[in-house]
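Just below is one structure, and these are the notes that go with it.
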Number of protein chains: 2
Amino acid sequence: MTNIRDIAVMANVSVTTVSRVLNNHPYVSEEKREAVMQAVKQSNYHKNINAVHLSKGKTYLIGIVLPYSDHPYFGQLLHGIANQALEYNYKLVLFQTNYQKEKEEEALHMLEQRQIDGLIICSRTHAWNIIEEYAVYGPIALLENCKSTCVSTTYIDHFHTFYQALEYLYQNGHRKIGYSINRKSGVSSQQREAAFKAFANEKELSNHSTYIFDQCLHYEDGEKVYHQIKGMADPPSAVVVTSDQVAACLVTCCQKGGIDVPKDLAVLGFDNHPMAKYMEITTMEIPHEEIGKNLFKQVIQSHTITHKKVEVQLIKRKTV
Amino acid sequence: MTNIRDIAVMANVSVTTVSRVLNNHPYVSEEKREAVMQAVKQSNYHKNINAVHLSKGKTYLIGIVLPYSDHPYFGQLLHGIANQALEYNYKLVLFQTNYQKEKEEEALHMLEQRQIDGLIICSRTHAWNIIEEYAVYGPIALLENCKSTCVSTTYIDHFHTFYQALEYLYQNGHRKIGYSINRKSGVSSQQREAAFKAFANEKELSNHSTYIFDQCLHYEDGEKVYHQIKGMADPPSAVVVTSDQVAACLVTCCQKGGIDVPKDLAVLGFDNHPMAKYMEITTMEIPHEEIGKNLFKQVIQSHTITHKKVEVQLIKRKTV
DNA sequence: TTACCGTATGAAACGCGTTTCATGTCAATT
DNA sequence: AATTGACATGAAACGCGTTTCATACGGTAA
């Protein structure tokens, strides 16, 4: 492998001059510039990027922590991040955690060891204070609503969004409202639960715990919801389903099982996945790509901590 | 930042000894080992991984080239790769190409510059000879059937698989068979086309070009297929759909539109996505995770070039 | 004419862990 | 007693691009 010193010798200039040419610095005469370019071309020289990293103390690598990459929600998020990364000439390092603490830890360690310049956490399992501790090693952007002074965030107001969804169902005459969530222990789920309680209280609805369906993330989980509702003596008249995948499955099940949507059961999804558009499912549109883009920008703007709220929009279709 | 020399001073040993301790090399006395550990803990020392990379000439980074990460097919593939990567302590660098040549090129350049130790290409747009040229810079694993001497491959025998699917439809009495594909120009699509032609010839079927549906990758593309078939005077009695997403949409459309599946139209999907299982779609099961795992293993076994054929299995359900 | 600035160029230091090679013990083998 | 080998330890070289600092020249402003 030829290195920068070889080039310097070939072009009969100093190493510094070669570096200047390679990085487009001024103060290099045209002839020397030419000579360097010539040598570079002749020897098919490429910088050893690891040396650049060591020298600069940067890697141009951003870590992404997310539970699954084969889930549309995270897939789209990743899509948004990846597009932005390419534009800014950064590369991504993927940490697929499956919600395992150790794997999230790996990412944090990599930040600590400066193998990545920053970290985007799409879903955390570590406690807040732990995350914040690592922020001293490099910028962290988090997909969560938390007014931290050392971690940037992009978030959805889950409380308000959920409330809004419930309100819409209420306006459409529903009084027995259920909902499905991903992980009961998840941060967003807790906010949604709070919203539901506040809503039930406000509207003086009975707070049926049987109307809550946990662990609904994948397509097939919609069937579980269907069966549970089907088996109820006093089923809900409407459900908020926090994933269009699950909603799609539920709706399909209902069609097959003779439950009329929305007459017998109204379904309000989340995401506005293409699937929802096509199946005419009423849903709360979450701009995943925008979120991904913003998270990325926040993490590379390491000097300023920002908090960006992303708006969610109700898309009225035919399942409510 | 403390570095290895600081530690050496603190522990009153040489830099070499510190390195030995840190890398678990033998021939270090217990007391010196202790002293080093003590110093490391006290100063909260962490190696500068960039220096390690420069020194070792390795990055423990593997690049992944794939068109979309928000598509279930590639999502699952990525899932398999990512899990394996975590196990082997490698990190991934994602190149989402959207089938753009330049972005694929970026990945190849990164290999050339040794910023990644190897490259997994899930779908290429560059010509073969170009890819092979870059193999001198580092190991490349490709998801494609090609007996290269410098690039490892994991592949599906698309010809045989497609033929098998067609055969199954034929056995079930179908003589007017259509199919949908992702990109007509794609490598796998061409193999499938060849299989179809061979099949049509073998069985003396008329080779209806109107029965070919191109650009079917996303869920909603199933609707296009539905409408096209619906509008035909002489529609096919069966279709092979090379994505369960698309098949699911098509089946749902048929249900709504009064086309009986499989009586009026048999549908044979590809992937065996959970969606297919649930919707009871007959499909060719493609073991994405296994493919991902294998690609990863191939790329880190840089010394040996291997070619692994992955078996696809027909899952008989209710849409044929 | 002196002072000062823009342009041009290179030597050397810097970032830092790994690895090779040389050297020195001490116990075991011949 | 001489040789050999396992064990210990450290100096120095190595990987390589970036950046700081010093130096020198030509020209313009004072």
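Predicted, not measured: the structure shown is a model, and the values here were computed from it. Chain letters run A, B, ... following the sequence lines, proteins first, then strands; residues in each count from 1.
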- Side chain of Q215(A), backbone of R183(A): donor and acceptor closer than 3.5 Å? no

- Counted 5' to 3', the first and last nucleotides of DNA chain D within 4.0 Å (strictly under) of a heavy-atom of chain B are dC7(D) to dC16(D)

So what does [X] hit on the nucleic acid, given a heavy-atom distance under 4.0 Å: a base, only sugar-phosphate, or nothing?
X      : value
S29(A) : sugar-phosphate
T17(A) : sugar-phosphate
N23(B) : sugar-phosphate
V18(B) : nothing

- Message: Tell me the interatomic distance from Y27(B), atom OH, to dC21(C), atom P, rounded to whole angstroms.
- Response: 17 Å

- Message: Which residues pass the salt bridge (charged side-chain N to carboxylate O under 4.0 Å, His left out) test with E105(B), not counting sequence neighbours?
- Response: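 In terms of salt bridge (charged side-chain N to carboxylate O under 4.0 Å, His left out), with neighbours along the sequence ignored, E105(B) is linked to no residue.
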
- Item | Residues K297(A), T154(A); criterion side chain to side chain contact (heavy atoms under 4.5 Å, CB included); working and verdict | CA-CA 10 Å; K297(A) 282 186 177 163; T154(A) 297; over 6 Å; no

- Taking for each residue the nucleotide of DNA chain C bearing the nearest heavy atom, is the 5' side occupied by E31(A) or by I49(B)? E31(A)

- Query: Taking for each residue the nucleotide of DNA chain C with the nearest heavy atom, is it K32(A) or L54(A) whose nucleotide lies nearer the 5' end?
  - Reply: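 The residue mapped nearer the 5' terminus is K32(A).
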
- 5'-most by nearest nucleotide on DNA chain D - V28(B) or S55(B): V28(B)

- Message: Can you confirm if the NZ or CZ of R20(B) lies within 45° of the ring axis of Y27(B) and under 6.0 Å from the centre of its six-membered ring?
- Response: no

- Item | For Y90(A), ring-ring contact (aromatic ring centres under 6.0 Å, His included) partners two or more places apart | Y60(A), F296(A)

- Run the ring-centre check on H53(A) versus H53(B) and record whether the distance is less than 6.0 Å. no

